[in-house]
Amino acid sequence: ITKNNRYDIIKDIANYLNNSDFTIANYKIGQNRNEKIEDVVKQTGINVLNITNNSDEKIDNLYSALNDKGIQTIGNKYEKEDDKTEKENKTEEGEENTKSERVNIVNKKGVNVAFIGYTANDNKSRNYFTEENAKADLEYAKKNASVIIVMMDWKNSIDETTEEQKQQAKFLADNGANLIIGNNQN
């Protein structure tokens, strides 16, 4: 995308993406963050960006930058123990937004939609999938949202679904996830 400022392909689809309530994408940063990409993301209509598969340090930096641009994030910034109470704020479009540690709830047209992201790649990440974390997050989401969307960063298996992925997806569905989107950053 960044070579020779070639953003035309993405800009060409902006008319289609701007007309949806939610356009979700995955954002994995390489060695260096490119703010131009984030600007293009905003211009194209992508309004929910999964950042869970980045390191915790990168998530903290991205969280503020993306939210300042009115882009919701999946894989939220870690909140200190004394800051874990629910917070209300408004996005650029005036949507109400409630955040917990790993659950981002956005009200769109009167419907609360919960976004949750996990990674199966990095057991040191605060967004690492465990059944304990997922159960707690899904319970919170069920109490506060009508629709629950979970994005799973599933290791490096892109050619076929593994038994572990099937078990994790079943667990998520059985505990309240309405939509599970599997992705991989590679």
Side-chain angles (χ1 to χ4, degrees), residues 1-2 7 9-10 13-14 16-18 20-34 37-63 65-67 69 71-78 99-106 108 113-131 133-138 141 145 147-186:
I1 292 175
T2 59
Y7 298 116
I9 295 169
I10 293 176
I13 62 171
Y16 300 104
L17 301 179
N18 278 315
S20 65
D21 289 335
F22 295 109
T23 301
I24 306 167
N26 188 59
Y27 185 30
K28 173 67 175 174
I29 299 176
Q31 292 291 82
N32 298 309
R33 184 172 146 226
N34 186 335
I37 292 175
E38 295 161 18
D39 291 335
V40 171
V41 163
K42 178 64 179 169
Q43 292 169 12
T44 60
I46 296 171
N47 52 13
V48 179
L49 208 51
N50 180 28
I51 60 175
T52 18
N53 54 3
N54 290 284
S55 68
D56 287 350
E57 179 183 310
K58 287 181 181 177
I59 286 175
D60 289 343
N61 294 330
L62 274 175
Y63 174 83
L66 294 170
N67 281 279
K69 294 176 190 227
I71 300 170
Q72 298 296 320
T73 58
I74 302 170
N76 293 323
K77 178 180 177 183
Y78 181 72
K99 291 188 173 87
S100 80
E101 188 174 333
R102 287 181 298 268
V103 181
N104 186 351
I105 298 176
V106 179
K108 189 72 164 188
V113 179
F115 294 96
I116 308 171
Y118 297 109
T119 180
N121 288 324
D122 182 2
N123 65 3
K124 294 178 183 160
S125 168
R126 63 180 157 262
N127 295 304
Y128 183 69
F129 176 85
T130 66
E131 288 186 357
N133 285 345
K135 189 167 186 141
D137 294 342
L138 289 164
V147 178
I148 303 170
I149 299 172
V150 177
M151 290 199 62
M152 281 293 305
D153 172 32
W154 268 316
K155 298 184 183 178
N156 294 325
S157 176
I158 58 174
D159 293 331
E160 55 186 69
T161 306
T162 67
E163 284 304 312
E164 181 183 31
Q165 291 167 345
K166 290 177 186 176
Q167 290 171 356
Q168 290 171 343
K170 183 175 180 351
F171 181 85
L172 292 166
D174 288 348
N175 283 279
N178 301 106
L179 175 63
I180 302 163
I181 302 171
N183 64 280
N184 178 267
Q185 75 272 15
N186 297 321

Undergrad: For a quick test of reading the model, state the closest non-hydrogen atom pair linking Y118 to A134 and the distance between them.
TA: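 Looking at all heavy atoms of both residues, the closest pair is OH-CA, 3.1 Å.
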Undergrad: Give me the atom names and distance for the closest heavy-atom approach of A177 to V150.
TA: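 Closest approach of A177 to V150, heavy atoms only: CB-CG2, 3.8 Å.
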Undergrad: Grab the two heavy atoms, one from W154 and one from Q165, that are nearest each other, plus how far apart they are.
TA: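 Taking every non-hydrogen atom into account, CB-NE2, 3.1 Å.
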Undergrad: Using the test side chain to side chain contact (heavy atoms under 4.5 Å, CB included), find all partners of A114 that sit at least two apart in sequence or belong to another chain.
TA: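 So A114 forms a side chain to side chain contact (heavy atoms under 4.5 Å, CB included) with V103, I105, A141, A145, I148.
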Undergrad: Run the side-chain contact (heavy atoms from CB on, under 4.5 Å) test on I74 and I149 for me, step by step, so that the C-alpha distance in whole Å, both residues' side-chain angles and the decisive distance to 0.1 Å come before the verdict.
TA: CA-CA 10 Å; I74 302 170; I149 299 172; 5.8 Å; no
Undergrad: Suppose we screen for side chain to side chain contact (heavy atoms under 4.5 Å, CB included). Which residues come up paired with T130, at least two apart in sequence or across chains?
TA: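 Expected list: Y128, E132, N133.
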Undergrad: Could you tell me the separation between the CD1 atom of I116 and the CD1 atom of I180, rounded to the nearest 0.5 Å?
TA: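 These two atoms lie 10.5 Å from each other.
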Undergrad: Is there any salt bridge (charged side-chain N to carboxylate O under 4.0 Å, His left out) pair reaching into residues 167-177, and which pairs are they, with sequence neighbours excluded?
TA: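 Those involving residues 167-177 are K170-D174.
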Undergrad: Minimum heavy-atom separation for L66 and I51, please, with both atom names.
TA: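 Shortest heavy-atom contact: CD1-CG2, 3.8 Å.
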Undergrad: Is there a side-chain contact between V113 and D21, using heavy atoms and a 4.5 Å cut-off?
TA: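 A side-chain contact under 4.5 Å is absent here.
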Undergrad: Any side-chain heavy atom of V147 sitting closer than 4.5 Å to one from L179?
TA: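 Answer no - side chains too far apart.
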Undergrad: Going from CG on N183 to CE on M152, what distance comes out if it is rounded to the nearest 0.5 angstrom?
TA: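 Result: 9.0 Å between the selected atoms.
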Undergrad: Please list, chain by chain and in numerical order, all residues satisfying salt bridge (Lys or Arg N to Asp or Glu O under 4.0 Å) with K135, sequence neighbours excluded.
TA: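 K135 satisfies salt bridge (Lys or Arg N to Asp or Glu O under 4.0 Å) with no other residue.
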Undergrad: Can you tell me how far CG of N47 sits from NZ of K108, rounded to the nearest 0.5 angstrom?
TA: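 One finds 6.0 Å between NZ of K108 and CG of N47.
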Undergrad: Under 4.5 Å between any side-chain heavy atoms of Q168 and F129, yes or no?
TA: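 They are in side-chain contact.
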Undergrad: How about I46 and L17: do any of their side-chain heavy atoms sit closer than 4.5 Å?
TA: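 A side-chain contact exists here, since the closest heavy-atom pair is under 4.5 Å.
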Undergrad: Just to verify, what does Q167 make a side chain to side chain contact (heavy atoms under 4.5 Å, CB included) with, not counting sequence neighbours?
TA: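 Residues passing side chain to side chain contact (heavy atoms under 4.5 Å, CB included) with Q167: none at all.
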Undergrad: Indicate the atoms forming the closest heavy-atom contact of N26 with N50, along with that distance.
TA: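 Taking every non-hydrogen atom into account, OD1-ND2, 3.0 Å.
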Undergrad: What pairs with A136 under side chain to side chain contact (heavy atoms under 4.5 Å, CB included), at least two apart in sequence or on another chain?
TA: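 A136 satisfies side chain to side chain contact (heavy atoms under 4.5 Å, CB included) with no residue once adjacent residues are dropped.
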